[in-house]
Amino acid sequence: MRQISLASTSFSLCLERGRLASDPMVMSTCAVHERQQFDYDLSTGHLKLGAKCMEVQRNDGEQAKVSPWKVFLNQCSFTNARQEWRFKE
């Protein structure tokens, strides 16, 4: 398990969970903050915050005009490919 932060290419914005588990994930100014720290499991590809895993899903309709994808925290599942994240060094 490795602890990581997910930053924009300029490293000025980082992915951050909301204050409540039901809040959406947002890009926020990078800081050393627990809401920006994810546990990355190299063997499963899961990015975890507590007991939840990061998942990606395609937006449709009006939301797709703003962003084609949404990222959110969901119950971890070893059979859900939308929760598998692989990074190149």
Side-chain angles (χ1 to χ4, degrees):
M1 195 78 67
R2 186 187 282 182
Q3 227 180 28
I4 64 170
S5 294
L6 301 171
S8 62
T9 54
S10 67
F11 295 99
S12 60
L13 296 174
C14 288
L15 192 61
E16 181 174 309
R17 71 167 170 85
R19 293 187 190 281
L20 303 174
S22 58
D23 288 346
M25 302 200 57
V26 297
M27 295 301 286
S28 187
T29 302
C30 291
V32 178
H33 197 287
E34 66 181 17
R35 291 196 314 261
Q36 293 180 358
Q37 298 293 311
F38 297 86
D39 289 323
Y40 180 56
D41 187 323
L42 293 162
S43 62
T44 65
H46 281 149
L47 282 166
K48 296 177 80 172
L49 270 169
K52 301 280 184 165
C53 287
M54 189 183 308
E55 185 171 327
V56 64
Q57 185 174 352
R58 184 178 287 279
N59 276 329
D60 51 10
E62 289 297 311
Q63 290 180 329
K65 293 178 182 176
V66 176
S67 174
W69 302 98
K70 65 179 172 181
V71 176
F72 57 98
L73 293 173
N74 202 359
Q75 203 64 31
C76 294
S77 169
F78 293 107
T79 60
N80 186 346
R82 294 185 311 244
Q83 291 182 357
E84 291 180 23
W85 301 85
R86 303 291 178 201
F87 301 96
K88 293 181 180 180
E89 291 190 29

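The basis for the numbers below is simple: all heavy atoms, side chains too, and nothing from hydrogens, waters or symmetry mates.
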**Q** Where is the tightest heavy-atom contact between Ala7 and Cys14, given as atom of each residue plus distance?
**A** CB-SG, 3.8 Å
**Q** If you take all heavy atoms of His46 and Ser77, which pair is closest and at what distance?
**A** NE2-O, 3.2 Å
**Q** Would you give the length of the straight line joining atom CZ of Arg35 to atom CE of Met25, rounded to the nearest 0.5 angstrom?
**A** 11.0 Å
**Q** Side-chain heavy atoms under 4.5 angstrom apart, residues restricted to Ile, Leu, Val, Met, Phe, Trp, Tyr: same cluster for Val56 and Met27?
**A** yes
**Q** Starting at NZ of Lys48, measure out to CD of Gln3 and round the result to the nearest 0.5 Å.
**A** 13.0 Å
**Q** Do Ser5 and Gln37 meet the criterion of a side-chain donor-acceptor pair at a distance under 3.5 Å?
**A** yes
**Q** How long is the gap from CG on Leu47 to CG on Asp39, to the nearest 0.5 Å?
**A** 9.0 Å
**Q** As an exercise, state the distance from CD of Gln75 to CG of Asn80, rounded to the nearest 0.5 Å.
**A** 11.5 Å
**Q** Should Trp85 and Phe72 be regarded as members of a common hydrophobic cluster, given that ILVMFWY residues are connected when their side-chain heavy atoms come within less than 4.5 Å of each other, either directly or indirectly?
**A** no
**Q** Of all the heavy-atom pairs spanning Asn74 and Glu55, show the shortest one and how long it is.
**A** ND2-OE1, 3.0 Å
**Q** Which label fits Phe87 and Tyr40: parallel for a plane angle under 30°, tilted from 30 to 60°, or perpendicular past 60°?
**A** perpendicular
**Q** Gln36 and Leu15: side chain to side chain contact (heavy atoms under 4.5 Å, CB included), yes or no, with the steps?
**A** CA-CA 6 Å; Gln36 293 180 358; Leu15 192 61; over 6 Å; no
**Q** Determine the minimum heavy-atom distance between Arg86 and Leu42, stating which atoms define it.
**A** NH1-O, 3.1 Å
**Q** For the pair Leu6 and Met54, evaluate side chain to side chain contact (heavy atoms under 4.5 Å, CB included) and give the outcome as yes or no after the intermediate values.
**A** CA-CA 12 Å; Leu6 301 171; Met54 189 183 308; 3.5 Å; yes
**Q** Quick one: does Glu34's side chain have a donor or acceptor within less than 3.5 Å of a partner on Leu49's backbone?
**A** no
**Q** Check the hydrophobic clustering (I, L, V, M, F, W, Y; side-chain heavy atoms under 4.5 Å; chains of links allowed) and say if Trp69 and Leu73 are grouped together.
**A** yes
